[in-house]
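These notes concern the structure reproduced below.
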Amino acid sequence: GDSYTIVIPPPNVTGALHIGHALTATIEDTLIRYHRMRGDDTLWVPGVDHASIAAQFVLDRLIAEEGESRASLGRERYLERMWKFIDETRDVIGRQHRRLGASADWDRERFTMDEGSARAVRVAFKRLWDAGLVYRGEALVTWCPRCLTTISDLENVHRDETGTIWTIRYHLERPDGTPDPDAWVAVATTRPETMLGDTAVAVHPGDERYGDLVGRHAILPFLGRRLPIVADEQVDRAFGTGAVKITPAHDQDDYELAKRHGLPAITILDEQARVNEAGGAFAGLDRYEARRQLVERLRAAGDLEDERPHEMVVGRCDRCGTVSEPRLSVQWFIRVKPLAERALASVTEGRTTILPARFEKVYAHWMENIHDWAVSRQLWWGHRIPAWFCPDGHVTVSDLADGPEACAECGRPSGELTQETDIFDTWFSSGLWPFSTLGWPDPTPDYARFYPTTVMETGYDILFFWVARMMMLGLFCTGTEPFETVYLHGMIRAEGGAKMGKTKGNTIDPLSLVEEIGADALRFALVAGSSPGHDLKLTRAKLDGGRNFSTKLWNAARFVLANRPTDEAAADMPAEASLPVRWLRSRLADAVARATRQLDALDLGGYAATVYDVAWSDYCDWFLEMAKVDLRRADASPAERATTWRAAAEGLAVVLRLLHPLMPFVTEELWQALGEAEPHLTDGEPLLITARWPARSDRDEAAEAAFADLAALIRGVRNLRTEAGIPAATWAALVVDTSGPDGANALRGGLRYVEPLARARPIEIDAAGDRPELVAATPFGAAWLRVDAAGKSESGGRRAARLAEIESHLERVRRLLADPGFSGRAPESVVSRERERLAELEERRRQLIAEG
RNA sequence: GGGCGAUUGGCUCAGUUGGUUAGAGCGCACGGUUCACAUCCGUGAGGUCACUGGUUCGAAUCCAGUAUCGCCCACCA
């Protein structure tokens with residue numbers, strides 16, 4: 001077969017499996033088990049991610065309980081502590097995945113901090129550097145004052161919050177350099193504390209209110225700094241006072257404006273967002289305390305013009321929730337524009353497909369508006385950036401494990417070089433995952449065999465974080481798209497539709513569900529009724545449904561195994577297949593075809609519905625009930641009995657094969673039992689996990705049609721029983737007035753199945769005599785029950801309702817057929833189908849009226 | 001401020017390129033001690049497919065607009 005490689009996000013090494021992981025694993029495991037059964041050369045590399053910022057967050061909390069901190073331990077001891085911690089937690093995810101049935105290649109387990117990953121990181125970065133796609137420079141980046149590191153745009157989450165907007169007076173400078181108490185420019189700000197770093201005031205060039213101020217200076221309160229008043233198109237005249245204070249070191253817009261006007265940037269907050277020595281008297285204060293004191297002092301001085309609530313957008317650290325801070329610092333960046341262009345083309349030109357397709361637009365929009373990626377982090381746990389500085393300021397990037405031998409520019413020996421202390425954003429190594437786990441950059445056999453991968457699957461929430469990065473880095477590093485298809489599943493919501501979250505306390509623990517209802521039931525519940533990209537609510541009812549289904553399978557198999565005929569010799573004397581047997585085979589053929597098509601199209605929800613229906617409705621409710629007849633009736637020959645049982649067992653084997661990808665545990669166990677009962681039933685395939693996917697076979701249209709008639713009769717009679725209020729245990733005599741000899745013949749062959757299923761005995765065909773009020777219209781003709789209690793009650797009303805229903809359908813069909821537009825334009829097959837329908841409806845109507 | 005998605009019986013969702021009478025599970029009602037299964041079996045009730053208009057012989061499905069809910073993106077003090 002072909003190679004079939006799947007990729008899922010490696011979970012965080014310090015974490016436990018949550019329900020989202022369970023969904024991811026279930027989807028991919030279903031696909032990979034299916035392809036394994038198809039004979040494809042499958043690969044699923046399992047593993048964990050070092051998750052630098054998340055792991056540090058966890059460890060920091062842990063060591064805090066021990067009275068330690070990052071600062072008290074220092075880098076080296078902190079990292080030792082981390083490795084020790086990791087050793088305790090790194091196997092957890094794997095064990096939990098196995099309990100879910102994840103059939104990954106466990107002997108290939110990887111970690112984003114292992115040597116293979118480390119090497120891939122170095123090589124990838126060096127190649128980016130050599131290609132001119134890496135630069136290091138000062139920029140205003142987003143900083144978390146609690147995590148004490150830069151965070152990317154994606155990790156800085158924006159929320160609407162109500163804050164305050166203050167209007168402050170900056171007095172204008174008089175010729176003698178002192179502030180004019182009677183002349184000022186008022187500026188509006190939501191962050192008064194940043195005024196300590198103001199280096200200008202800006203107005204719109206066309207704003208007549210301020211035209212004469214441009215070129216003059218205002219005096220910054222408290223610090224006395226001279227602030228030039230500049231004109232810039234960026235200023236919105238309608239907002240606030242139309243004049244804006246400029247704090248280049250603490251605001252993105254101001255930073256851009258300052259660059260245009262050559263204004264200095266003054267950093268006034270330290271890494272923990274406390275006012276630094278540039279803040280004069282306010283130095284040492286926390287940003288919010290400084291804000292409070294500044295506002296009070298402005299108010300006291302009469303320079304606070306206004307103060308009002310204000311709806312605004314606040315950025316917070318995705319990890320810890322702290323309000324992030326724009327911070328001027330030196331960082332490493334990756335120039336992603338050229339990478340993004342390629343990654344976009346891969347999708348727009350169809351080399352990689354995203355499911356559902358609408359996410360291709362989301363992906364495209366992001367790729368088209370992408371900013372350079374700040375990849376350096378001021379953290380310790382992660383891959384240290386492989387860049388070395390020499391005393392002369394030269395930078396050497398090396399992909400060697402031990403670093404460069406000498407400065408690339410001046411040749412100073414390695415001993416005089418010092419390595420960059422920053423580490424990489426976790427997503428840099430994650431972005432290499434599809435190929436770093438296959439031996440890249442070496443041309444290993446695995447790489448040749450399994451790369452590019454087939455299906456990458458994850459939640460849509462990390463489309464940008466991870467998928468986009470893998471696309472960009474994969475194309476750059478390997479020259480090819482890392483995967484053919486990106487399957488994005490939805491988020492799992494709590495019962496009421498709320499988002500799940502640890503803080504909300506409404507998380508579902510997949511392992512306790514496995515404990516309670518079994519992995520198969522959980523897997524079924526996760527996949528049934530789902531479609532890519534759509535959030536799904538995991539309700540108790542759905543979980544119970546999964547549990548009931550696996551119980552049902554178990555019981556069906558128990559029945560089959562327990563009813564094996566004891567007469568061994570009979571097995572060699574095959575009898576002619578009965579109608580139920582032929583019908584079952586046809587239904588299974590249909591299910592195989594549909595399940596195959598659905599799995600090939602990654603329609604997991606459709607596949608789950610297909611196997612559920614064929615197993616429960618077709619196999620259990622209809623086939624097994626009829627099989628009981630032939631297994632138990634006294635006049636059946638041993639050969640007939642053996643044939644029926646064989647069909648039941650073979651049918652079960654097909655059901656097990658079909659269901660195995662989704663429900664591996666139950667099906668595997670039943671497969672073993674089936675193999676023990678009769679080895680050839682399992683085709684000499686000792687393990688279902690490596691057994692073949694069922695082969696396609698032909699439908700038996702005749703059997704399906706004949707069976708449908710029989711089933712309609714059975715349903716009709718059951719209906720009569722209910723309407724007539726005949727107790728379920730009571731046998732009732734049935735009369736069927738067949739319309740012709742063909743109908744009678746067709747019916748005779750099926751009578752023995754009708755008896756127990758409709759609990760009708762005896763059954764007379766074409767018996768003359770009175771018809772009761774209560775009659776069922778069946779494909780064979782009118783049918784009624786002979787029972788003392790039959791008839792009466794609401795039957796008349798029921799019949800009238802049914803007649804009305806038929807009339808309304810007739811009306812529609814007649815109108816359709818009478819319309820020349822329809823018969824003229826609609827395809828012949830559609831027209832003829834309507835004609836048949838008309839005839840059928842008229843016949844049913846005739847029957848019903850005849851009994852009136 | 002942009003963009004996207006959802007809206008189908010009480011609930012959770014299916015519904016393939018427009019074409020039989022819109023399906024399933026749960027819930028509900030009624031009936032069941034049928035020897036695989038009450039985690040089950042049978043029967044049934046329940047839907048103007050959010051709304052308005054359009055295209056078409058024909059619309060849950062395509063188009064336009066509206067409403068409600070949700071999500072994503074976005075540097076406005």
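Worth knowing before you read on, the calculation uses all heavy atoms, side chains too, and leaves out hydrogens, waters and symmetry mates. Labels below follow one simple rule: chain letters A, B, ... track the order of the sequence lines, proteins then strands, and each chain is numbered from 1.
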Side-chain N,O (A:Arg358) to OP1/OP2 (B:rC4) below 4.0 Å: no
Under-3.5 Å donor-acceptor pair between A:Lys361 side chain and B:rC4 base: no
A:Phe524 CZ - B:rG25 P separation (whole Å): 11 Å
Distance-only donor-acceptor test (3.5 Å): side chain A:Gln252, base B:rA77: no
Integer angstrom distance from the P of B:rC26 to that of B:rU39: 13 Å
SB check A:Asp306 A:Arg308 (cutoff 4.0 Å): yes
Atom P, compared across B:rU52 and B:rA60: separation rounded to whole Å: 13 Å
Carboxylate-amine/guanidinium proximity below 4.0 Å for A:Asp207 and A:Arg237: no
Touch class at under 4.0 angstrom, heavy-atom based, for A:Ser531 against every strand present: sugar-phosphate
Strand partner of B:rG65, provided both Watson-Crick or wobble distances fall under 3.5 Å: B:rC51
Whole angstrom value for the distance that separates C1' of B:rU20 from CD of A:Glu834: 6 Å
Any A:Asn719 side-chain nitrogen or oxygen under 4.0 Å from OP1 or OP2 of B:rG44: yes
From B:rC26, B:rU43, B:rA36, nucleotide with atom closest to A:Glu625 side chain: B:rA36
Test: A:Arg718 and A:Glu723 ion pair at under 4.0 Å: no
Touch class at under 4.0 angstrom, heavy-atom based, for A:Arg547 against every strand present: base
Nearest-Å distance once atom C1' is located in both B:rG32 and B:rA22: 31 Å
For atom CG of A:Asn555 and atom C1' of B:rA36, their distance in whole Å: 5 Å
Among B:rU16, B:rU34, B:rG25, the one nearest A:Tyr612 by side-chain distance: B:rG25
Pair A:Glu193 + A:Arg191: basic N to acidic O under 4.0 Å: yes
Nearest to side-chain heavy atoms of A:Arg558, which nucleotide of B:rA36, B:rC75, B:rC41: B:rA36
Side chain of A:Asp236 - closest among B:rA77, B:rA36, B:rC75: B:rA77
Ion pair A:Arg547/A:Glu516, N-O distance below 4.0 Å: no
Proximal nucleotide (of B:rU43, B:rA14, B:rC26) relative to the A:Ala541 side chain: B:rC26
No-hydrogen, no-angle side-chain donor-acceptor test under 3.5 Å, A:Glu307 and A:Trp166: yes
A:Trp616 side chain near B:rA36 phosphate (N/O to OP1/OP2, under 4.0 Å): no
Base paired to B:rU16 (Watson-Crick or G-U; both N/O distances under 3.5 angstrom): none
Interatomic distance at C1', B:rC28 relative to B:rG9, whole Å: 12 Å
Contact nearer the 5' end of RNA chain B, comparing A:His534 with A:Arg715: A:His534
Rounded distance in Å - CD1 (A:Ile246) to P (B:rA77): 13 Å
Sugar-phosphate only, base, or nothing, as touched by A:Asp621 at under 4.0 Å among non-hydrogen atoms: sugar-phosphate
C1' gap between B:rC4 and B:rU43, integer Å: 44 Å
Phosphate OP1/OP2 of B:rC40 contacted by A:Asn548 side-chain N/O (<4.0 Å): yes
A:Thr539 vs B:rC11: side-chain N/O to OP1/OP2 distance below 4.0 Å: no
Spacing between A:Phe465 atom CZ and B:rC72 atom P, to the nearest angstrom: 11 Å
Cationic N near anionic O, under 4.0 Å, A:Arg587 to A:Asp590: yes
Whole-angstrom distance between B:rC73 and B:rG27, as gauged at atom P: 39 Å
Sugar-phosphate only, base, or nothing, as touched by A:Ala556 at under 4.0 Å among non-hydrogen atoms: base
Along RNA chain B (nearest heavy atom to each residue), the more 5'-positioned of A:Trp366 and A:Asp535: A:Asp535
Identity of whatever pairs with B:rC26 - Watson-Crick or G-U, under 3.5 angstrom: B:rG10
Any A:Met195 side-chain heavy atom under 4.5 Å of A:Leu294 side chain: yes
Counter-base of B:rC75, judged by Watson-Crick or G-U geometry with both distances under 3.5 Å: none
Paired nucleotide for B:rC35 [Watson-Crick or G-U wobble; both distances under 3.5 Å]: none
Salt bridge A:Asp630-A:Arg641, side-chain N to carboxylate O under 4.0 Å: no
Complementary nucleotide of B:rG70, counting Watson-Crick and G-U pairs under 3.5 Å: B:rC4
From B:rG44, B:rA77, B:rC40, nucleotide with atom closest to A:Lys552 side chain: B:rC40
Heavy-atom donor-acceptor pair, A:Thr551 side-chain to B:rU39 base, under 3.5 Å: yes
Interatomic distance where CZ belongs to A:Arg759 and P belongs to B:rU34 [whole Å]: 9 Å
Touch class at under 4.0 angstrom, heavy-atom based, for A:Ala609 against every strand present: nothing
Nearest-nucleotide pick for A:Phe559, side chain only, options being B:rG25, B:rC73, B:rA36: B:rA36
Presence of A:Lys245 side-chain N/O under 4.0 Å of B:rA77 phosphate oxygens OP1/OP2: no
Rounded interatomic separation in angstrom, taking CD from A:Glu723 and C1' from B:rG44: 9 Å
Sugar-phosphate only, base, or nothing, as touched by A:Val235 at under 4.0 Å among non-hydrogen atoms: base
Candidate nucleotides B:rA77, B:rC13, B:rC73, ranked by approach to the side chain of A:Lys537 - the nearest: B:rC13
Selection from B:rC72, B:rA36, B:rU12 that lies nearest to any side-chain heavy atom of A:Lys542: B:rU12
Interatomic distance at P, B:rA24 relative to B:rG44, whole Å: 11 Å
Whole-angstrom distance between B:rA14 and B:rU68, as gauged at atom C1': 23 Å
Side-chain ion pair, A:Arg633 and A:Glu755, N-O less than 4.0 Å: no
Protein-nucleotide distance (A:Ile229, atom CD1; B:rA77, atom P), rounded to Å: 22 Å
Phosphate-side-chain proximity, A:Arg632 and B:rA36, N/O vs OP1/OP2 below 4.0 Å: yes
